[in-house]
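All remarks here apply to the structure that follows.
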Amino acid sequence: MPATTTEKNHKSGREIVEIENATIRFAGDSGDGMQLTGTQFTNTSAIFGNDISTLPDFPAEIRAPAGSLPGVSGFQINFSSRDIRTPGDQPNVLVAMNPAALRVHLSDLEPGGIVIANSNSFLPLNLKKAGYGSNPLEDGSLSGYRLIAVPLNELNGKALQELNLHKRDADRCKNFFALGITYWLYDRPLEPTLSWIEAKFKRRPQILAANTLALRSGYNYADTTELFTTHYRVRTARLAPGKYRNITGNEATAFGFIAASQKLRRPLFYASYPITPASDILHELARHKNFGIKTFQAEDEIAAVGAAIGSSFAGHLGLTGTSGPGVALKSEAIGLAVMTELPLVIANIQRGGPSTGLPTKTEQADLLQALFGRNGECPVAVVAPATPSGCFTMAFEAFRLATRFMTPVFFLSDGYLANGSEPWKIPSVANLPDIEVRFRTEAEGFQPYLRDEKTLSRPWAIPGTPGLEHRIGGLEKQNITGNVSYNPDNHDRMVRLRAEKIARIADFIPSVKVFGKPEGKVLVVGWGSTYGAITSAVESMQEQGHPVSSLHLQYLNPLPGNLGEVLSRFDRVLVPELNLGQLLMIIRSRYLVDAVGFNRVRGLPFKISELQEAIGEML
Amino acid sequence: MPATTTEKNHKSGREIVEIENATIRFAGDSGDGMQLTGTQFTNTSAIFGNDISTLPDFPAEIRAPAGSLPGVSGFQINFSSRDIRTPGDQPNVLVAMNPAALRVHLSDLEPGGIVIANSNSFLPLNLKKAGYGSNPLEDGSLSGYRLIAVPLNELNGKALQELNLHKRDADRCKNFFALGITYWLYDRPLEPTLSWIEAKFKRRPQILAANTLALRSGYNYADTTELFTTHYRVRTARLAPGKYRNITGNEATAFGFIAASQKLRRPLFYASYPITPASDILHELARHKNFGIKTFQAEDEIAAVGAAIGSSFAGHLGLTGTSGPGVALKSEAIGLAVMTELPLVIANIQRGGPSTGLPTKTEQADLLQALFGRNGECPVAVVAPATPSGCFTMAFEAFRLATRFMTPVFFLSDGYLANGSEPWKIPSVANLPDIEVRFRTEAEGFQPYLRDEKTLSRPWAIPGTPGLEHRIGGLEKQNITGNVSYNPDNHDRMVRLRAEKIARIADFIPSVKVFGKPEGKVLVVGWGSTYGAITSAVESMQEQGHPVSSLHLQYLNPLPGNLGEVLSRFDRVLVPELNLGQLLMIIRSRYLVDAVGFNRVRGLPFKISELQEAIGEML
Amino acid sequence: MSHDGDSGRKGAAVLPMRRRDFMSDQEVRWCPGCGDYSILAQTQKMLPDLNIPRENFVFVSGIGCSSRFPYYVNTYGFHGIHGRAPTLATGIKASRPELSVWVITGDGDALSIGGNHFMHAVRRNLDINIILFNNRIYGLTKGQYSPTSEFGKKTKSTPAGSIDYPINPLCIAISNEATFVARSIDVDVKHLSSVLTQAAHHKGVSFVEVFQNCNIFNDGAFKHFSERGFRDDRTLRLEDGKPLVFGRDRDKGIRLNGLKLEVVDLRREDSEADLLIHDIHDPDPHLANLLARMDYPDFPVPLGVFRSVAKPTYDELMEAQVQDAISRSGTGDLERLLNSGDTWVVK
Amino acid sequence: MSHDGDSGRKGAAVLPMRRRDFMSDQEVRWCPGCGDYSILAQTQKMLPDLNIPRENFVFVSGIGCSSRFPYYVNTYGFHGIHGRAPTLATGIKASRPELSVWVITGDGDALSIGGNHFMHAVRRNLDINIILFNNRIYGLTKGQYSPTSEFGKKTKSTPAGSIDYPINPLCIAISNEATFVARSIDVDVKHLSSVLTQAAHHKGVSFVEVFQNCNIFNDGAFKHFSERGFRDDRTLRLEDGKPLVFGRDRDKGIRLNGLKLEVVDLRREDSEADLLIHDIHDPDPHLANLLARMDYPDFPVPLGVFRSVAKPTYDELMEAQVQDAISRSGTGDLERLLNSGDTWVVK
Ligand SMILES: Cc1ncc(C[n+]2csc(CCOP(=O)(O)OP(=O)(O)O)c2C)c(N)n1
Ligand SMILES: Cc1ncc(C[n+]2csc(CCOP(=O)(O)OP(=O)(O)O)c2C)c(N)n1
Ligand code: SF4
Ligand code: SF4
Ligand SMILES: [Mg+2]
Ligand SMILES: [Mg+2]
């Protein structure tokens, strides 16, 4: 957090340092409310006007054993007065509610960074659970950091004394006390959180009072004591003018689908079986039934995709969402949708694999599954958002393509996008692309597999339309008539037609744009959630004068038509992915370019610094 | 069928022409017994000592409507005094039991080839069903062929008169009458079929007598009438000395698995859900319970693979078999086997896709599904037999690798291999490779994910072993201890270890051998069931002096270690596949070679001639 | 909500329809003699009488011989994948409750691979008709035993006899609280047609098991009770509100003895008084359950409607939640949605 | 057959085992207060008494909070994938009948995604123990409704209330002819331990539903009948051979009225004579079915063993077919197999 200007705080008299951006990480037990605390800090900073980017990181267990290492839950926020694209490589401040949190997260903290630790929880049992031989708050092992040990339980307990709460209930508020401290540290307004507390607990006045008091007390404590010699101010970011809100990827995804449904004037039918990190899309869509949305929690993923296909056949917008293991189960049915050439969107919110893997961590390792994870030649379109708010656009795009081309479309998000958030300039509905569905209604000349000349798509002829009665299914179809056909030449033709139909989508999607010079030494090619880290890394390399450019693919199948040509303008191509080289394989095979991968499969997003290093090695 | 020598038949006095090889196709209604007729002709020719190759081709319906085009069932046999590798591009003789059979198959017949048609079935209704405006036996449209119209029902009926059968029952024998005719035409011995009839119908003397009589009468009819002016002799092939049997791919597959079980001294557990064209493996294995084999017809494919994994965990040889749609369903569980690092063999008898596709037709379009059809980085080994009898070896290999490397292995056969047959020189059991399983039994130092230095495989420690109690599962594992771990670096390490383990298999499989010169202009690279056609095409191009070689991959993942080097020795690489270019993609991406695909997706094997043409275009 | 209505209601056929209006142009490809023909014929005959526009019918199936059915009916049709027809039907019906949705399935399709979807479609009381063609064998894959095959059955996959205890489809349906449960048989075309009609009229899930002969792989599976000569003695026609009487001479009945059923010889006992009275509307499924477990030779095989009770359907409940949301919060307004939550303005 | 025997029988522990022998070194990661702890504790306490060598136990599970169970038991264990535990168990048990196989599953795991495997494992009478932790919610995915959630339940995925009619797991098991069916509850540790022990001793499939409190997402789901104050009045302890009596003062009973059950006030009626006598060995499942459908408030909630009948198990039948094949055809001879059929010699 490079300081820019310094002034004296009017109230405390202590120094206030103006900085460009800061990164703070809250960490504690699963039960300590860290996700909530992080979200409050995020919203406050967003409303305050910073650019933000967040990274929640929580265990697969609901409430892993108190004090244990696997039970640690974290939430990182990067907030800035400039454009930022990632949650930050290294936090400047770590709030550690217990020894386990300290142990798990300390290594990420910047050298000399601030540790705010709840000293009340550094008791022998907790220290042992975290694997500490001695108390790090006392044994000098934190000498490389600025340690602020705060007896949170004690202070918070005292602050709430007047309310006569049970100790347990009072203790539950200590995260707000900690939040108050950080608000002072970064000169944040209390109002957004105060009004959130008010709205949330309006029916439970005791809790309302307790949380309010805890927050204020934490703030005042930092203000009055000499805990910190300085505090910081991160000014409003120079974001483009407009109305903003903070949005997570899963919210944006749900909104994008709703927007598509509204623009297409067809009801959305969302069929899903709960799975981390996709469940929140179901939860979100279920709340908006007044948009004509029906949500169906199916008995399993196969039922979900089957119902979505059925719904599409019936003329609604069939949508199913899941994560990798669920996609595996849906793959047979996706083949059916390919054969029957029905619109269908499959949202895969990728997580760490293989198998159950790392359910709450992020990864990009399902691209090849989306492309090839079915029997036979079974092409589908694939799109992938690059940022949390970008999920809106690509969700919308998924349905634009699915309905236009009568095809299944994969929407590949991931755990990082899903739960991460950023400020979103709310688009005006009028500016959304105009898209429409045209059902076939004329019986004259109707054939179920008659194809549109441009898109090769077949007509969408829905039950209830007189004269268009027809039968479709998973057996090979005769072109045009749609009758079952075992004819060898017809099969060959249909296999190629289905492939060609997907290939033609390339004419209906934007060309890739290069970030930086249109030619040069190194081109960095990314896709999906790595956008922020890649772009930031490339930008800083460019600022250092290196001949590096980047491009980011949001359309993975088909690839944009100009990609080959762009690739050819660079000496070397680097493809960073959170997998072992999936897009890399496609690019090498397709364009015969000796592209090189940079691969990390750690369940976490890239750090800007590691990408810079990797790019540096290519130069 | 090029003639070599000619002599006079001692009995009929008619010319007997010696030829090198011949191809005959039987075609009729599903109910006409064409598969049986073909099998008899095959076995007789095999026992007689020809080299043979067969291609059954039947509809997806059990008994499609009599006389209809989709109801036609065919069986083609290529038999020869030389080495042959394919069922033949063009039949020399077509036996057409009805108009539909003629219509469907005539275009494949060689110009001037012989049509033996059952004239009794060329009645107005049947002609109409087959789409004939007039009777092709009479309207001169067959003038380009040698037409032998035989009133089969009539002749057969008369021959069986003495038995006083119902007309319907008598008619059922007419395929044997036709078979008799073809036996005369190709100078085949009647004995093998006669003794088969005897064994088969020993409890039904009427049927026994009827079939015997029909066969003999057909033969005699051809012998006494002047139906044919010449007949043909295809001498015994110069096969390597040894004991032979005829074998289909599915039989050889089952035998290979049994052989692996015997050699590994572990019981086989086959769990499967019926599906064409894999079901016969279940049927075959179910008959050999005295080998300690347990077969389990599961409620679905997921249950089948789950049970196979459970069996492997328990220390048996877990095996599951299916076709593409079933693999789609199994993919989540295969991921579990990858994560738990258990041996498992998945036999995929590929058929036409996508979706239900063409259930009874052949295709090679599930390679990428085998490689990538799961969530996450989820590597497995893949082997693929090249010939029906070669299924034996590769099934055996699948278990050798699965147990040695503690990994799932895909065995990719296809409908053509499964149902096709060829003479098989029966291997001696003593000559089968020695392979063994070593279960971990020492408790001292045991760790579930401790790895063998060479293979990186973990120990197989089965329930019932005291002191080795441990837990595995689908969540990411800590290396060595096998405990659940969400640690980022451990995950990255495990992802790479799993990949590396599969990569190391390359050291345990044979190098690829080039057929032809080790360098040259064109290298044809194939895999799976296209072996026969590719090799034949390449051989004939070589005979014509072209600088063409070929290699055939039976190990698809990992690829043999010397492949890259071999590829580099040729100017151009052609990859013929019965898909849209799946191996092609891998080769291009891996070796950055501008390989070109030759792709047909017609549900049928390649013709030698089309491959020759494709190769020709590369020269 | 703001979407256009679906085009379902315009232009229904004006003339009364006939059987041939429901015959498609596709050649029927079952084996000659297959019981499926009869079920197809009865369905095509019955459909015109339902007074539903032809374009509002959707026939959905899985995979199997039976599942080819939709190709032959000239309505909308979806030949799905193995075992998944109920899932397709769920999407269709839940999206468009005005459609008449029929699931055609086999014993393997519905009870083996598709058991879970079958169970859940039934328990949700989706307003669809599920017709299970039970031939106690896998037809399409050429003769393996199925979940309804008898114990010990020798088939290609079980040369030493199957060791799976068979499933009773009616019991499964009833234990999932199916609101309409019936059984018929291919060879009794009048009965079949009547049962199908009743199923069609039931609102909620209708489950009909049809015994169907597969003359190629399991010929005569039902003939021990269904052949004309003794059909009346070995089957029991269920009639609502009537005592359970059977026999060619209607001389046998069924009564309750404690928790069990027993056959009574009406020639020996004096009255029908203590015979069980069939009651398809009983909200409790106990009677249906008892009847469903009756089997030859201890009992006659019951045919007809076992149970028919009213309960709100899944599709109507789902639609009601949408309407309710609209009436509570107004038709969704996208602009408002996007602008919901904490927002701020950057100038 | 020619293979080496599995190593299952050598070196069973000599000393009597204790609870802690069945505690693994893994930290238990359920939420504090979760009902799963009690089930784990009772299982670990009961296992030593079964006299089965520890190495012969295998605990198999699917995915869910409950499915973490195997990690905590110091036996062989397999944490599978969602809904598929019965399939893994089938492979383990069918391969190695000497192992004691336990399936640990949740209401979502067993009845939603895994419904089909559950059904088929039960109907095959595989000799395994299936313990269903029914908390009527999806715990691990943070609180969506499950197939056993009550109609109208508001959860994250059903903000307007669920519209699925709940499944009764016991009825499903019974309709699949489960040979052992029981129910217990986390808070009654003695009862739970006794039911688990009986399940362990049953040969054939044992199905035990355990009501389990999820204090995070569905707290108090069972407290309306299970709280100490009125537990005896609102639950019925099933005891084989005994009349169905309940109540703190054992003053209420259950009797049959025609096809239905009714509650009798024993203080008013003179005798227990016409009360139903519980009979777990009745080959007919009617009584079990009637009991399974009893629910509060109309009836007390029955706990205990509903049914326990003997029937050959799948694993033993499968093993018998292998042994039978060997005794009929001799141990498989590979050389002979490869040389079977028509062969010929080329010289
Ligand atoms: C995923 C999948 N698994 C297996 C099959 C093969 N298969 C097709 S139909 C069928 C069973 C047919 O039996 P049933 O449902 O009883 O129908 P029937 O043919 O007897 O009418 C099977 C196993 C398939 N098509 N798809
Ligand atoms: C294929 C697949 N789909 C979905 C999930 C997500 N998932 C994990 S557990 C679970 C349900 C848990 O509910 P239940 O079985 O009742 O167990 P509980 O957590 O309540 O003990 C779901 C939906 C998954 N892991 N895998
Ligand atoms: S195989 Fe059996 S069920 Fe299938 S069409 Fe033929 S007779 Fe009917
Ligand atoms: S979420 Fe519920 S079921 Fe899961 S561990 Fe916590 S309390 Fe137990
Ligand atoms: Mg069937
Ligand atoms: Mg649960």
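The structure presented is a predicted model; accordingly, all values stated were derived computationally and were not measured. We name chains A, B, ... by the order of the sequence lines, and we start the count at 1 in each one. Excluded from the calculations below are hydrogen atoms, water molecules and symmetry mates; all remaining heavy atoms, backbone and side chain alike, are included.
- Using a 4.5 Å cut-off between heavy atoms, B:N599 touches chain A through backbone and side chain atoms alike.
- The only member of A:T362, A:L604, A:I349, A:L578 that meets side-chain contact (heavy atoms from CB on, under 4.5 Å) when paired with A:Y416 is A:T362.
- Within the 4.5 angstrom heavy-atom criterion, only side-chain atoms of B:I302, from C-beta onward, approach chain A.
- Between atom CZ of residue B:F58 and atom OG1 of residue B:T276 there is a gap of 7.0 Å, rounded to the nearest 0.5 Å.
- Interface remark: B:A60 contributes backbone and side-chain atoms alike to the contact with chain A (heavy atom separation under 4.5 Å).
- Applying side-chain contact (heavy atoms from CB on, under 4.5 Å) to A:V382 and the options A:N348, A:I502, A:N557, A:L559 leaves one that passes, A:N557.
- Side-chain atoms of A:Y486 and B:E61 include a donor-acceptor pair closer than 3.5 Å.
- Only the side chain of B:R498 comes within contact range of chain A, judged by heavy atoms closer than 4.5 Å.
- Remark: side-chain polar atoms of A:N375 are not paired, donor with acceptor, to backbone N or O of B:A365 under 3.5 angstrom.
- Only the backbone of B:R374 comes within less than 4.5 Å of a heavy atom in chain A; its side chain stays farther off.
- In this structure, chain A has heavy atoms under 4.5 Å from both the backbone and the side chain of B:V495.
- Using a 4.0 Å cut-off between charged side-chain N and carboxylate O, A:D492 and A:R496 make a salt bridge.
- Both the backbone and the side chain of B:E377 come within contact range of chain A, each with at least one heavy atom under 4.5 Å from a heavy atom of that chain.
- Neither the backbone nor the side chain of B:I587 comes within contact range of chain A, judged by heavy atoms closer than 4.5 Å.
- Heavy atoms of B:S485 lying under 4.5 Å from chain A belong exclusively to its backbone.
- Within the 4.5 angstrom heavy-atom criterion, only backbone atoms of B:V593 (N, CA, C, O) approach chain A.
- For the set A:G324, A:P70, A:G352, A:G603, the entry with the most heavy-atom pairs within less than 4.5 Å of chain B is A:G324.
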